[in-house]
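Just below is one structure, and these are the notes that go with it.
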2 protein chains.
Amino acid sequence: MKDRYIPEKQVIENLGVEMEKMDVPPVHARIFILLLMVNPPYMSFEEIQEHLQVSKSSVSKYLNIMLEQGTLDYRTFSGDRRRYFYLNHEKLLNKIYTGASKFSTISGLMENCLREREGAVPEGKNEHLKEISDFFSFLGDGMTKLVNEYHARKLSDHDSQ
Amino acid sequence: MKDRYIPEKQVIENLGVEMEKMDVPPVHARIFILLLMVNPPYMSFEEIQEHLQVSKSSVSKYLNIMLEQGTLDYRTFSGDRRRYFYLNHEKLLNKIYTGASKFSTISGLMENCLREREGAVPEGKNEHLKEISDFFSFLGDGMTKLVNEYHARKLSDHDSQ
DNA sequence: TATTTGGTTCGGGAATAAAAGAACCAATTT
DNA sequence: AAATTGGTTCTTTTATTCCCGAACCAAATA
């Protein structure tokens, strides 16, 4: 077993295509997968660019986007000017979590619709709107609970080890 | 209280902007909101076009997209050639539900990453990848449960009325 | 001081998406 | 038969996204 593992190019392409289907730009997806899979889990700018065979500007662009999002970070080694980029897994999980809170946003939107209709339509004509709003807020609350539950489970797993 | 309620244009614009932020094309979003809020809950092609002040081709396009998705349907009145379009709330909820299953898809993707690394990196170096994968599959399962729970609750609500 | 290294920034081209406009068409009305 | 109605379809315009290459820049090295 080598002390460095870098995923094969074709593996990155295949997984990249899957991520593209979730509306992630091609280069962004490939950088993400590369950093997700590489071991040790960091890579320099040049290594990324070389391995993916894309332009410097694209690498720069998406690394900076990820840095702004907080899902990426970098470390350095003394005597080496290069930055070594790695995924911030904590923030990554966090992002997933907040992404899930979208349900609550929509539920809020629906509630705005309802408020606008108040007094303008007969009572009882709001049932279907209420149902959609309810469903979303139910999902929003449920997601929050799920995330908390996961955290709790993780902590107790940790304790018991 | 009038027998017809049509939301004010500015209300549609405001809510439309919110929907645009969730990657829904502007005209699509506005048609959706208009039909969501109008009472009685249907509208003719011309009414939609007039009220939103957009081109016929755009109205036609997005109505047809929604019809294909099943989230829209239409009814007619005898002696009137026009179609009156309304949202299919059942299908709408259904779509939300299947959208939520995206979590399981991502979990699968992560599992592919893990499989690729098997044997290539030391055991114990896969923890963070495993955690992401676990989290997604946990969320996927949780969502499914939530939806079922909601259905069950709705049914029992219905029974008790 | 000149060159290399490790990137960033700017301008442009290709591809795609959104919306409009106009031509079109079948069914109805005049 | 001519005109109107209720849309659909095709073409064009406009806007946006994605990426690249080239110019650029600051820090380190020669």
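None of the values given here were measured: they were computed from a predicted structure.
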| message | Any carboxylate oxygen within less than 4.0 angstrom of a Lys/Arg side-chain nitrogen, looking at B/R115 and B/E118? | response | no
| request: Report the distance from atom CD1 of A/I31 to atom P of D/dC18, rounded to the nearest whole Å. | output: 13 Å
| If you count the non-hydrogen atoms of other residues, nucleotides and ligands that lie under 6.0 Å from CG in B/D3, is the total more than 12? | no
| side chain to side chain donor-acceptor pair (under 3.5 Å) between B/S55 and B/S58, worked out | CA-CA 5 Å; B/S55 69; B/S58 293; 3.0 Å; yes
| query | Taking the six-membered ring for Trp, are B/Y150 and A/F138 ring centroids under 6.0 Å apart? | reply | yes
| Integer-rounded Å distance: C/dA18 P and B/M19 CE | 13 Å
| field | Protein-nucleotide distance (B/E50, atom CD; D/dT5, atom C1'), rounded to Å | value | 13 Å
| message | Can you work out whether A/L67 or A/R81 has the more 5'-proximal nearest nucleotide on DNA chain C? | response | A/R81
| query | Is the shortest side-chain N/O distance from A/R83 to OP1 or OP2 of C/dG7 below 4.0 Å? | reply | yes
| Atom pair distance, as rounded to whole Å: CD1 in B/I48 and P in C/dA19 | 15 Å
| query | Just how far, in rounded Å, is P of D/dT4 from CD of B/E46? | reply | 14 Å
| field | Contacting residues from residues 51-64 of chain B, given that a heavy atom lies under 4.0 angstrom of DNA chain D | value | B/K56, B/S57, B/S60, B/N64
| said: Whether A/R30 and A/E13 form a salt bridge (side-chain N of Lys/Arg under 4.0 Å from carboxylate O of Asp/Glu) is what I want to check. | reply: yes
| task | Taking only the side-chain heavy atoms of B/P26 (C-beta and beyond), determine which of D/dG7, D/dC18, C/dA19 contains the nearest atom. | result | C/dA19
| request: Rounded off to whole Å, could you give me the CD-to-P distance for the B/E47 and D/dT5 pair? | output: 15 Å
| Atom NZ of A/K145: over 12 foreign heavy atoms under 6.0 Å | no
| Would you say the ring centroid of B/Y42 lies under 6.0 angstrom from that of B/F77? | yes
| For the pair made of CD in B/Q49 and P in C/dA22, what is the distance, rounded to whole Å? | 13 Å
| query | What's the closest nucleotide to the A/R82 side chain, out of C/dA19, C/dG6, D/dG7? | reply | C/dG6
| request: Take the protein atom CZ of B/F45 and the nucleotide atom P of D/dT9, then report the distance between them rounded to whole Å. | output: 11 Å
